[in-house]
Structure formats: C-alpha cells, structure tokens
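Heads up: the structure comes next, in structure tokens.
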Protein chains: 2
Amino acid sequence: MRISQLAAATGVPVATVKYYLREGLLHEGERTAPTQALYDDSHVARLRLVRALLGAGGVSIAQARAILAAIDEPPAAIHLLATAHNAITAPLDAAADVDEVRAITSGWGWRTESCDPAVLGAVAAGLQGLRDGGFDLAPGVLDAYGRAARDIAQAEIDGIPTESAEAAVRYVVLGTVLVEPLLLALRRLAEQVVSGERFGETGPLGD
Amino acid sequence: MRISQLAAATGVPVATVKYYLREGLLHEGERTAPTQALYDDSHVARLRLVRALLGAGGVSIAQARAILAAIDEPPAAIHLLATAHNAITAPLDAAADVDEVRAITSGWGWRTESCDPAVLGAVAAGLQGLRDGGFDLAPGVLDAYGRAARDIAQAEIDGIPTESAEAAVRYVVLGTVLVEPLLLALRRLAEQVVSGERFGETGPLGD
DNA sequence: CAATAATGGATAGTGCTACTCTCCAATGTC
DNA sequence: GACATTGGAGAGTAGCACTATCCATTATTG
C-alpha cells in the first residue's frame, strides 16, 4: 500500500499523513527504495487511532505523541496508571491546594498517599476553577461526584485486561482519553432525563 | 474604578480587558465622558467569571459569549437545560448514530424522547470515537457509566436553586461547564485509588 | 496652567497549533 | 519514453487568544 492508498483508506489527506510521519505519530513504511515506502494495515489502524485521539479525544499533537509512546513502549507495570495519566494531565500547578483535596477525599475513605501529585493537583485546580467562577456547589453534590467517580473507577479497573502489559497499557491509556467525551455527554443526557422526570416538560422552574 | 484598577484587581492585563469589552464578554463601564468610563464590582466579578470559563472551563471565546448570554438573558424556563447545553455542545453531526444511543439508554430506563438531539448526538459521537480508536469497552463498563451519570445528574438536579430563574440558569450553565474538569480529574484520582486497593503498589500486572 | 500620565477606541501584529501547499529529484506505471 | 506518484523538506495558511501601537481626549500633579 502506498501513501495515497493509505490516505484513501482512512480519509486523511496525503499531506496530513506526511505531517504525522514527520511528527512521529505514525511509524515509517517499509522502504523499497531510497525514496519509496510501503504501508500496511498497521498504518491504517494507527492512523485511525491518531485521528480519534486528535478529534474525539481532543488532545494536542504533543499529548498524542506522549500517549502513543506509552502504548508503544509499555512502561514497567508499576505506576501504569500514573504513566497513562501523566501523558495527558497538565503538570502540577504550584498554587494548587493539594491538602484540601486530600482532606476531602480522605473523608470519603480514599487512600491518596501513593497517588500521582499531578492528578491531585488537577482535582485542586478543578475546585479552584469553581471558586474563580463564583460558583458554589449545592451541599452534597461534591460527595455525589466522589461516589460516582469511585463507581466508574471500580468498573474500569475491573475491566483492565491482565493477559499482557501491552493490552493493559492500551486499555488504560485509551480509556482515559477517549472515554472522557463520552462521560461528559452521558452526564448532560442524564441531566436532561432526570430533569424531565422531576419537573415534567416544563423545566425546573415549573413555569 | 478605572480600567487599570479593574485590571489590577483581577490580574488581567489592560489590553486583555479591552479585548473582552470588544468581544462582548464584559459589559461597558458607566460613561463619565465621551472617552472615559468607570467600572465597579460587577465588572470584577464578571471578569473573574470570564477567566474561569476560558481557563479552567476550557471554552472558547465564542462559547463563553453564548454561555454569558444565557446567564444574562435567562431563557424561558422550559428547556432550561437544553439552552445551557446548547451553549457548549457541538452542533449535531449528521453521521451520529442517535438510534443506538436511544436503544442503549432505554435499556437503562432513560426516557430520552424530549431530550435535545444534539446531546444524544454527543453521546453517539463519544461512542464513535471509541470505535474509531479501535478501543473496546470491557463488558458492563458502559452500564457503569450510565449509572454514574444518572447518580451525578440526580444530585445536580436536586441542587438547582428554585428561588429565581437567574439563579437556576447560572447554576445550571456554570455547573455544566466548570464542573467538567473537576469530574474528569476526580475520575483519574479514583482510578489510582482503586488501582492501589486492588493491586497494591505494584500496578495491575502485579510485576 | 502647563507638563505628564492614563483612557477609550481602533488597527495591526504576535505566538502557537494543526495542518496544507509547493517544490524537487527519484521512482513507478502505462 | 511520457506522465504521474512518491518521499522529503520548507514555506505558507487559518484560526485563536491575546498583545502592542497609535491617537485624540481626559485626568492628575506640581
């Protein structure tokens, strides 16, 4: 398969395929001459994955490179999740109030001692974002978020394939990135469904 | 308060405040002369909100304008949520398989007849993103997502203030946007916590 | 009251990202 | 042998969120 066929098979323009090759998101084809190469199904699959990450997954080229590197060269199984999360989590903001997060989550019985500080920082940044926007969560809602997050994590960890490091890494890394838009959309849909049940067709103010 | 004081009070450069004024994200100050104006606490609060939306909330200028418009001119209470969601949900993709989403969610007992099609489309796009990336959810995980989304929505709908339309709109719109980063970060943290419980310090493969 | 600074308003420019275009010699196809 | 395609590299583009500059007007200060 030559580059134009690869492009046709995936719907990605040839120029963009070349760009991904240059950026290291796509492995090179097999050389048949100094200026010619052949591509195969592995390139088609990888190209679809790259597009899914950049499109639906909403990650940048640089993040995609980190994610793909994690998939290509599975790190030691220790801290597998931290590796996956590091590929997409912003570096820890020094101003983030991690202690507050530890206090809240320990109230839920979460043991966060060995968690990645960057993820704790991301939670702290999320809470700070609410405050910056002058938004106060109704009482109990944060607890509901914690319970829901734990339920989700429970199901996901149960589902991690254990037969090989490659499969586990792939599942965790892609699950982290690609599932996020789905979760957010499901939340919005559930809000509309629950709102309909609670208030009928009229919305929360009754009209 | 003049523009330089407004800028100092919020940490936003003067040039950026001018930009937000031009873009309609910030209301004009009170004119004291054809080329002079005064700003007050409402501008400080609004500016902080704009920064929270653009920063932590991760929305674009155009989305922020739509969100702020929804807050400024509360729509009829009917379809309040749909209005909030429309401000930030991408327009419905014609290729989205909405029927599949209706089938899955009706299996959960969700009544989606009166839901915004764009939100159904967003769920469909999320599922399609998984497929495009060649990623298969472990069995039962999607059901867990549905349950968690419903639990979250239940708590959020319970928390909507009902004393005024303005408060309700503000709560729903900001809650939709600003809470998203928090939820995603909580999920990552929960994954690490649950992983630690399940596998100890070694990660899912045991090493 | 004069010198200096700050303001609102408009326009243009910046840095970044994700492509996209153009060119070239080397290679492949009919 | 004519023509298209390829890999490779560099330059160009569009969109976004600012940021800088300019200018006439207004405010402040000594």
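Reminder, nothing fancy here: chain letters follow the sequence lines and each chain counts from 1. Values below: all heavy atoms of this structure, side chains included; hydrogens, waters and symmetry mates excluded.
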A:Q5 CD to D:dG7 P, in whole Å, measures 11 Å

Rounded to whole Å, the CE-P distance (B:M1 to C:dT7) equals 12 Å

Within residues 31-53 of chain A, those residues having any heavy atom closer than 4.0 Å to DNA chain D are A:R31, A:T35, A:Q36, A:A37, A:Y39

Side-chain atoms of B:P13 come closest, of C:dC21, D:dT19, D:dT6, to D:dT19

dist B:L26:CG -> B:L6:CG (nearest 0.5 Å) comes out at 6.5 Å

Are the side chain of B:R187 and the backbone N or O of A:I152 linked by a donor-acceptor pair below 3.5 Å? no

Between B:T10 and B:R48, do the side chains contain an N or O donor and an N or O acceptor separated by less than 3.5 Å? no

Original post:
For A:S4 and D:dT6, is the shortest distance between a side-chain N/O and OP1 or OP2 below 4.0 Å?
Top reply: yes

Open item on the list: Any donor-acceptor pair under 3.5 Å linking the side-chain atoms of B:E156 with those of A:Y145?
Closed with: yes

Taken to the nearest whole Å, OH/B:Y19 to C1'/D:dT21 is 18 Å

A:E23 CD to D:dG8 C1', in whole Å, measures 14 Å

CD (A:E30) with more than 12 external heavy atoms under 6.0 Å: no

Taken to the nearest whole Å, NZ/A:K18 to P/D:dT6 is 8 Å

Indicate whether OP1 or OP2 belonging to D:dC18 is found under 4.0 Å from a side-chain N or O atom of B:Y20.
yes

In whole angstroms, the gap separating P of D:dT19 from CD1 of B:I61 amounts to 11 Å

When rounded to whole Å, the CG to P distance for the pair B:L26 and C:dG8 reads 11 Å

| field | Residue pair A:R46, A:Y39: steps toward the side-chain hydrogen bond (donor to acceptor under 3.5 Å, both in side chains) verdict | value | CA-CA 11 Å; A:R46 177 61 159 248; A:Y39 305 89; over 6 Å; no

Regarding A:D132 and A:Q128, is there a side-chain donor-to-acceptor distance under 3.5 Å anywhere?
-> yes

Taking for B:V59 and for B:R2 the nucleotide of DNA chain D with the nearest heavy atom, the one nearer the 5' end belongs to B:V59

From CG of B:L21 across to C1' of C:dG9 the rounded distance in Å is 11 Å

